[in-house]
Protein chains: 2
Amino acid sequence: MSLRHAALGLLALRGEASGYDLLGIFNESLEHVWPATQSQLYTELGKLTDAELVQVVAEGGRGRKAYAVTEAGRKEFEHWLLEEPPTTNRRNDMLLRVFFLGLVPPEQAREFLLGRAAAAAEMHERLRGVEESLTGEQGPLAVHGRIALEWGLRYSAMQDEWARWAAGQLTAEGAAEQPG
Amino acid sequence: MSLRHAALGLLALRGEASGYDLLGIFNESLEHVWPATQSQLYTELGKLTDAELVQVVAEGGRGRKAYAVTEAGRKEFEHWLLEEPPTTNRRNDMLLRVFFLGLVPPEQAREFLLGRAAAAAEMHERLRGVEESLTGEQGPLAVHGRIALEWGLRYSAMQDEWARWAAGQLTAEGAAEQPG
DNA sequence: CGCCGACATTCCACTGTTGACAGGTCGTCG
DNA sequence: CGACGACCTGTCAACAGTGGAATGTCGGCG
């Protein structure tokens, strides 16, 4: 149920915004952190209004409704942000595959792992590019964006090293099975 | 749709098993990689049977049905394992919170990050314990289990270091804002 | 024998996510 | 003017995942 809090947070950052505005932010800034679709967002804004966590503060042309968080909404948001423990991602597609890697020949397993390493390295380079385009930017949003980016950099580096290490383990295993 | 492939993989490893058997494995070995509930698993086994990827090879007491993968099932499984690119986890609850950390006082933001570091360190220690209980184990399953475990160790270490680094960034920022 | 716990399957109601569809308004460029 | 693209809101069906309840069987222990 974090879409609700993402919407509250964006409204808190922006002061006021329409569903359409929020959708733009979701597709730009939050695309890799918490994607959301139109239908989901408009539905959620409706529910938030019913729960009186946000309210319509202006209506403009083309049916536009500008929303802003209420006092209750702000409270709910801060409670989520600081007091609810973040739910760890329990499912991991790649580790599931690793679990079954013994079912295919070692050479194919090794290829799989090296493929993962390459994908991680590619992601790392992409993020390095983003990092460079960010140097010189100022403000608190740049600070927190930079922190999130650093997570991605460290994550992809970790994944790259781990996958290459794991491939090495398989090679060692194969060598041990066929000595001499 | 990976539950389907997890079930196929477990059946391939085990040769044959009932829904109840599989559920036990999901709760033990796959709990932190791909959890599944009763209702989900039995439903999936029904669908897999309809699709002729598995078949009932024996019926025992208490309504027990033992399943095994068919040739088509094995093919489908290997295709998934080696050729379909693993889907990266797109949503990250913690990074979403980081994105909004500018909305609360720096001291609270710092506390949040240090809390995350502590949680990661705790997870790391827990995994270290699992690692120790694994030394001496043999066999290919131990090898791949060890590789998955190593991922967890590196992931938690990375998260711990990152969170402490990030907390430092906020301190530096606060210090820069209030010099002298 | 009677009960209990492990074994074993199935159904239901609910939430979250996705993608497609449908409808309407405003500004501007040719 | 007319068409087009950007703006803006909404509904629907389908599916994955969660949690709980209902139902029944078998083996062993007191």
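Just so we're on the same page: letters track the sequence lines, and every chain starts at 1.
A heavy-atom distance below 4.5 Å is not found between the side chains of Lys65(B) and Ser18(B).
Contact of Ser39(B) with dG19(D) (side chain to base): a donor-acceptor pair of N or O atoms is detected under 3.5 Å. For Gln38(A) against dA20(C), no side-chain N or O and base N or O form a donor-acceptor pair under 3.5 Å.
An OP1 or OP2 oxygen of dT10(C) is reached within less than 4.0 angstrom by a side-chain nitrogen or oxygen of Lys65(B). Between Arg64(B) and dA8(C), a side-chain N or O to OP1/OP2 separation shorter than 4.0 Å is present. For Tyr42(A) and dT9(D), the shortest distance from a side-chain N or O to OP1 or OP2 is below 4.0 Å.
Between Gly19(B) and Leu41(B), the closest heavy-atom pair is O-CD2, 3.6 Å.
Nucleotide dG17(D) holds its C1' atom 16 Å from the CZ atom of Arg4(B), rounded to whole Å. Atom P of nucleotide dA8(C) and atom CD1 of Ile25(B) are separated by 13 Å, given to the nearest angstrom. As a whole-Å value, the separation of Glu16(A) CD from dC8(D) P is 12 Å. Here dG24(C) presents its P atom at 18 Å from OH of Tyr20(A), a figure rounded to the nearest Å. Whole-Å rounding puts the Lys47(B) NZ to dC11(C) P distance at 14 Å. We find that CZ of Phe26(B) is positioned 11 Å from P of dT18(D), with the value rounded to whole Å. If you take CG of Asn27(A) and P of dC7(D), they are 13 Å apart, rounded to a whole angstrom. Rounded to whole Å, the distance from CD on Gln40(B) to C1' on dT10(C) is 15 Å.
Sequence order on DNA chain C of the closest nucleotides to Pro35(A) and Asp21(B) puts Asp21(B) first from the 5' end. Mapping Thr43(A) and Gly61(A) onto DNA chain D via the closest heavy atom, the residue that lands nearer the 5' end is Gly61(A).
Residue Arg91(B) is classed as a sugar-phosphate contact, given heavy-atom separations below 4.0 Å to backbone atoms only. Using a 4.0 Å heavy-atom criterion, one finds that Thr37(A) contacts the bases of the nucleic acid, with or without backbone contacts as well.
Here the rule is side-chain contact (heavy atoms from CB on, under 4.5 Å) with Leu53(A), and of Val69(A), Leu11(A), Leu48(A) only Leu48(A) fits it.
Between His5(B) and Trp80(B), the ring planes lie parallel to each other; the angle is under 30°, not in the 30° to 60° tilted range.
Distance from the side chain of Arg62(A) is smallest to dG27(C) among dT17(C), dG27(C), dG17(D).
Note: Met158(A) CE to Gln159(B) CD = 9.0 Å, rounded to the nearest 0.5 Å.
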